[in-house]
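Some notes on the structure that comes next.
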Amino acid sequence: MGSQRTVRAIAVSLVITAVTAAAVLFLGFDRHAAGDGGAQVSYNTVDMRAQMLKNGDLHVTQTFDYRLRPCGTPWRQMFQQYTLSSDRVTNISDISIKDLTTGRVYTQDTTVHSPGGYGDYGWNNECAGRWYIADITRSQTAPEPYDAELDALTPTAVGEPKQTKDVEIGWNIPSTASANSMRFALSMTWHGVSTAYDDVVALEWEPFSALNATPAARVTGTFTFPEGIGESNSWAWLHTGAASETTRGADGSLRFTVTDLPGGEYINVVVMTERRSDSAVARTQAGAMKRRILNQEQWEAQIADDDRRRRARG
């Protein structure tokens with residue numbers, strides 16, 4: 001699926017991190033973003049929307065507004081990397097990528113092209129406007145094909161032996177020396193995200209990880225639930241050390257805004273719903289979890305309040 005690839009200009013990468021006792025998923029976002037301190041790649045804005053499906057999967061749409069500064073070589077390829085795990089995220093499908101600046105919808109390519117192997121004309125005519133998904137478990141420089149229908153992992157419960165696989169989703173942009181704004185929308189479905197306990201279904205969505213080095217000037221996000229889930233039978237919490245605001249709608253949706261997110265700061269959302277009799281979540285775990293998650297959130301809220309008071313006194 002392509003030969004050795006040279007070093008690329010990277011605009012974004014996404015990784016999955018570990019599971020906690022209180023939730024089942026972390027999405028860590030390794031960003032090169034906006035705030036921006038002279039960073040070569042910046043985010044003017046980032047918008048994240050996650051829709052929880054009836055079977056516990058998660059449909060995610062991420063809209064990025066990039067600022068690309070000159071870096072010596074043209075910007076040509078952006079990508080995100082994910083670690084699939086049978087106890088967290090078993091597959092990624094329904095991928096679509098659109099350049100919102102030009103309106104161009106990218107098409108899938110089965111080959112991962114090396115940006116260093118082309119001139120501007122060849123790259124723009126042969127590679128730009130295409131996206132790919134590849135298996136990089138063995139090597140990032142020699143990616144292998146990934147088929148969402150054939151290569152998905154089988155869900156396993158938390159604590160059971162698990163299988164993992166690293167994949168990369170990338171898209172080839174026209175050769176670009178610099179840009180004040182380039183907007184892209186990436187949509188996809190994450191499978192096997194939720195875990196159904198005896199009393200609740202729970203997951204944790206983390207669009208920005210503490211491992212990320214680049215700040216974002218403004219991040220907005222919305223998490224919505226399946227039909228029949230509302231504010232009375234669902235819970236959602238935002239975690240971040242940056243300045244933030246949250247609201248919840250009558251349908252239970254959580255909306256948040258985070259401003260001036262510095263590098264090394266995270267954003268994550270813990271979500272829990274009452275388990276219904278018609279639950280179709282593939283991963284199940286014996287035992288009650290509702291009280292444990294509520295206690296955990298209360299404890300973390302107390303820690304955050306104490307920290308804010310200490311900083312205010314300082």
Side-chain angles (χ1 to χ4, degrees), residues 12-31 33 35 43 45-52 56-64 80-85 87-89 92 158 186 188 190 192-195 200-225 234-248 252-273 283 289-290 292-305 307-308:
V12 58
S13 117
L14 188 69
V15 243
I16 301 299
T17 59
V19 175
T20 66
V24 298
L25 172 68
F26 287 84
L27 299 181
F29 194 60
D30 181 15
R31 58 210 186 275
Y43 284 145
T45 58
V46 181
D47 183 67
M48 306 282 186
R49 297 182 182 272
Q51 168 69 53
M52 185 180 181
D57 293 347
L58 200 64
H59 184 71
V60 179
T61 298
Q62 304 166 332
T63 301
F64 309 109
Q80 301 186 354
Q81 294 177 343
Y82 309 81
T83 295
L84 306 182
S85 181
D87 64 346
R88 285 170 284 169
V89 180
I92 302 175
V158 177
L186 167 62
M188 54 194 163
W190 291 83
V193 175
S194 303
T195 297
V200 293
V201 175
L203 65 86
E204 183 165 350
W205 173 45
E206 186 172 70
F208 284 86
S209 161
L211 299 176
N212 305 321
T214 310
R218 179 181 174 87
V219 179
T220 55
T222 304
F223 189 102
T224 55
F225 294 93
S234 67
W235 299 260
W237 300 269
L238 175 72
H239 297 268
T240 182
S244 63
E245 297 178 356
T246 62
T247 59
R248 290 200 70 191
S253 59
L254 175 72
R255 294 176 175 83
F256 61 86
T257 300
V258 179
T259 54
D260 297 325
L261 185 75
E265 188 56 71
Y266 65 90
I267 299 173
N268 67 48
V269 176
V270 175
V271 172
M272 179 173 68
T273 72
R283 182 185 299 104
M289 183 59 69
K290 178 179 178 180
R292 291 176 60 184
I293 293 177
L294 291 174
N295 290 342
Q296 175 78 12
E297 289 302 318
Q298 184 179 15
W299 177 73
E300 292 191 12
Q302 185 62 54
I303 291 177
D305 288 343
D307 182 61
R308 281 192 289 270

When rounded to the nearest 0.5 angstrom, what distance separates [atom1] in [X] from [atom2] in [Y]?
X      : Y      : atom1 : atom2 : result
Met289 : Gln296 : CE    : CD    : 10.5 Å
Phe208 : Asn268 : CZ    : CG    : 12.5 Å
His239 : Ile267 : NE2   : CD1   : 12.5 Å
Trp205 : Leu254 : CH2   : CG    : 8.5 Å
Ile92  : Asp57  : CD1   : CG    : 11.5 Å
Trp237 : Glu300 : CH2   : CD    : 10.0 Å

From the options Arg49, Met52, Arg255, Met48, select the one residue that forms a side-chain contact (heavy atoms from CB on, under 4.5 Å) with Phe223. Met52

Would you find a donor on one side and an acceptor on the other, under 3.5 Å apart, between the side chain of [X] and the backbone of [Y]?
X      : Y      : value
Thr240 : Tyr266 : yes
Arg218 : Thr257 : no
Gln51  : Phe225 : yes

side-chain hydrogen bond (donor to acceptor under 3.5 Å, both in side chains) against His59, all qualifying residues, sequence neighbours excluded: Thr189

Flag for Arg248-Ser234: side-chain donor and acceptor within less than 3.5 Å: yes

Polar side chain donor-acceptor pair, Gln302 to Gln298, under 3.5 angstrom: no

Closest heavy-atom pair and its distance - Asp260, Ala242: O-CB, 4.4 Å

Can you see which heavy atom on Val270 is nearest to which on Glu297, and at what distance? CG2-OE2, 3.5 Å

Evaluate side-chain contact (heavy atoms from CB on, under 4.5 Å) for Gln62 paired with Gln80, printing each intermediate quantity in order. CA-CA 12 Å; Gln62 304 166 332; Gln80 301 186 354; 3.3 Å; yes

Derivation of the side-chain contact (heavy atoms from CB on, under 4.5 Å) call for Leu294 and Trp235: CA-CA 9 Å; Leu294 291 174; Trp235 299 260; 4.0 Å; yes

